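Right, one structure below, let's go through it.
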Amino acid sequence: MPHGLDELFSARALKRDPDTLAQWGCDWTRSFTVAPSAVVFPESVEEVVALVRLANESAFALVPSGGRTGLSGGAVAGNGEVVVSFDRMNRILDFSEADRLVRCQAGLVTGALQAFAEEKGLYYPVDFASSGSSQIGGNISTNAGGIKVIRYGLTRDWVAGLKVVTGSGEVIDCNQGLVKNATGYDLRHLFVGAEGTLGLVVEAQMRLTRAPAPQQVMVLGVPAFPDILKVLAAFQATLTLSAFEFFSERALTKVLAHRDLQRPLPESVPFYALLEFDEPDMDRAMSVFERTVEEGWVTDGVLSQSEKQAADLWALREGISESIAPYTPYKNDLSVRISLMGEFIEEVDALVAASYPDFEVCWYGHIGDGNLHLNILKPADLDGEAFYERCHAISPKIFEAVRSRNGSISAEHGVGLLKRDFLGFTRSESDLAIMAALKRVFDPNQVMNPGKLLPG
Ligand code: MLT
Ligand code: ZN
C-alpha cells in the first residue's frame with residue numbers, strides 16, 4: 001500500500017473501496033487484470049506535482065486515467081498502482097477569440113469542448129463515438145483520431161500548447177499556444193501519443209476552427225471489399241470529404257440487434273461506405289454516385305433527407321463498437337499508406353479467412369485514413385483467456401502484412417498492454433532504444449504508467 005497518500009489527499013479525493021478501484025482501474029478493454037491500490041482525484045497542478053514527487057520518493061507507480069474509453073489497456077492498473085483520475089480537473093480556463101484557442105484542464109470531456117466551441121460560433125473537429133465521456137488529456141495521450149481525420153487530422157494537429165508534470169515532478173509548459181516557434185525540439189509532440197509514460201498532461205491549449213457548412217450523409221452498398229477504395233478515389237477526385245467510413249454486413253447486423261435503427265438499404269450488401277460532405281457539394285456528389293453505380297462498384301445508396309436521418313446513418317457506424325463490446329472483441333487497428341491500401345486489404349482479407357475460420361469477424365473503420373478495424377468476436381463457449389491467447393498467437397501473421405508495407409499495428413487506439421509485445425512490427429530496434437532512453441530522461445524512476453507501450 002503506497003505511503004503518504006493520506007497526508008496529500010482528503011478522504012473525498014482518495015478512494016480505496018472495491019467499486020471505485022474496479023471502475024477507475026480499467027478502460028473499455030475487458031481482458032486484463034484490474035488491481036489498483038488506490039484512486040486519487042487531484043484538483044490542481046500543485047496536487048499532481050506533490051503526488052508525482054511522492055511516487056518517486058515512495059516508489060509506487062501511477063496510472064493516468066481520463067474517460068477510460070481506451071481500447072488497448074493503456075489506462076488499466078493491474079499491479080497495485082495508484083490511478084490518477086482527472087475527473088475533477090475538467091474546467092475551461094481561458095478562451096481567446098483572436099487566437100481561436102481554448103485553454104483547458106486535462107479532464108475536460110471532448111463533447112464539452114465541442115459544445116463550448118459551438119457556443120462561440122467555432123468548431124472543434126476531433127470527434128468519435130466516445131466524445132461524451134473521453135477527456136482531452138486522454139485524447140492527447142493517445143493522439144486520438146476518429147471519424148473526421150480525413151478532413152481535419154488527429155488530436156495532435158489541434159494541440160497548440162501543453163502543461164505537463166513530468167515523471168520526475170517538474171512542470172513544463174510546451175509551446176504556449178504559438179503558431180510559429182522555431183526554438184529547437186518541440187517537446188509538446190513527445191507527450192502527444194505517449195500514453196502517460198513520460199508524464200501527466202495537466203492542461204492544454206486547443207485550437208478551434210471555423211464551423212463547416214451543413215453536412216450531408218450518404219451510405220452506399222459495396223459488394224466487393226477492394227472496390228471501397230475505388231469509390232473513395234472517385235469522390236475525392238471531385239469533392240472534399242469530411243468522412244469516409246466503412247463497415248461490413250456482419251457489423252451492421254450487430255448494431256441492428258443492439259439499437260433501434262433501420263437498415264440503410266433494402267437489400268443487404270457485404271460492405272457499406274458512409275460518406276459525409278458539405279451540402280453545397282451535393283450535385284457533384286450525386287453525379288459521382290451515378291458513376292460508381294455504372295462502374296458496378298456500388299449497388300445502391302441512400303442520402304440523408306433530414307438531420308435525424310443523418311444522425312441515424314451515423315449511428316449505424318458509430319454504434320458498432322458498443323454493440324460488439326459484449327463479445328469481448330479482440331481488436332486490431334491497422335494502417336498503411338492509402339496508396340498501399342488496395343493490396344493490403346486483399347492480403348488481410350485472405351489472412352483473416354485462413355486464420356479465424358471458426359470465429360466471427362467484424363470489419364469496419366476509417367478507410368479514408370488507411371485505417372482498418374478488425375474485430376474478432378469471442379464465441380460464448382470459449383473462456384476469455386483462451387480466446388485472447390489464440391488471437392494473440394495469430395496476430396503476428398497479420399502484423400507481418402503490416403510490417404512489409406511499413407504500416408502501423410495501432411493506427412489510433414494506442415499500444416497500451418494489448419499491442420505492447422508487437423511494437424517491433426512497426427518500430428525499429430533503434431526507435432525502441434531511443435523511446436526507452438527518452439522514458440529514462442522524463443521518468444527516471446519509472447513511475448509513469450510502467451509496462452504500457454514499452455516493456456516495463
Ligand atoms: C471506432 O472507429 O469505432 C473506434 O475506433 C472504436 C472501435 O474501433 O471499436
Ligand atoms: Zn476508430
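Counting starts at 1 for both ligands and their atoms, in listed order. Side-chain atoms are counted along with the backbone in the values below, which use heavy atoms only and exclude waters and symmetry mates. None of these values were measured; they are calculated from a predicted model.
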Quiz prompt | Proximity flag Lys331 to ligand 1, non-hydrogen atoms under 4.0 Å | solution = yes
Quiz item: Taking the six-membered ring for Trp, are His392 and Tyr388 parallel (under 30°), tilted (30 to 60°) or perpendicular (over 60°)?
Solution: parallel
Self-check item: Heavy-atom neighbours of Asp17 CG exceed 12 at 6.0 Å
Solution: yes
Exercise. Assess Phe128 for proximity to ligand 1: is some non-hydrogen atom of it under 4.0 Å away?
Key: no
Self-check item: Atom of Glu412 nearest the Zn ion (ligand 2) (restricted to N/O/S, atom name only)
Solution: OE2
Quiz prompt | Identity and distance of the protein heavy atom lying nearest atom 5 (O) of ligand 1 | solution = His413 NE2, 2.7 Å
Quiz prompt | Identity and separation of the nearest protein heavy atom to atom 3 (O) of ligand 1 | solution = Arg317 NH1, 3.1 Å
Quiz prompt | Where ligand 1 meets His366 - atom numbers and elements under 4.0 angstrom, heavy-atom basis | solution = 2 (O)
Quiz item: Any Lys/Arg nitrogen of Glu276 or Arg151 sitting under 4.0 Å from an Asp/Glu carboxylate oxygen of the other?
Solution: no
Quiz item: Does ligand 1 have an atom that lies less than 4.0 angstrom from a heavy atom of Ile320?
Solution: no
Practice problem: Would you please indicate if the ring centroids of Phe359 and Phe387 are separated by under 6.0 Å? | Solution: yes
Quiz item: Phe246 vs Phe271 aromatic rings, parallel, tilted or perpendicular, using cut-offs 30° and 60°?
Solution: tilted
Quiz item: Can you find an N/O atom of His373 closer than 3.5 Å to an N/O atom of ligand 1?
Solution: yes
Quiz prompt | Expected output: side-chain Asn143 to main-chain Arg156 donor-acceptor under 3.5 Å | solution = yes
Quiz item: Would you say Glu412 touches ligand 1, if touching means a heavy atom closer than 4.0 Å?
Solution: yes
Quiz item: Donor-acceptor pair, Asn449 side chain versus Glu195 backbone, under 3.5 Å?
Solution: yes
Self-check item: the Zn ion (ligand 2) - closest N/O/S atom in His373
Solution: NE2
Quiz item: Are Glu400 and Lys397 close enough for a salt bridge, meaning some N to O gap below 4.0 Å?
Solution: no
Quiz item: Which atoms of ligand 1 sit under 4.0 Å from any heavy atom of Leu71?
Solution: 6 (C), 7 (C), 9 (O)
Self-check item: Which residue and heavy atom of the protein sit nearest atom 9 (O) of ligand 1, plus the separation
Solution: Ser321 OG, 2.5 Å
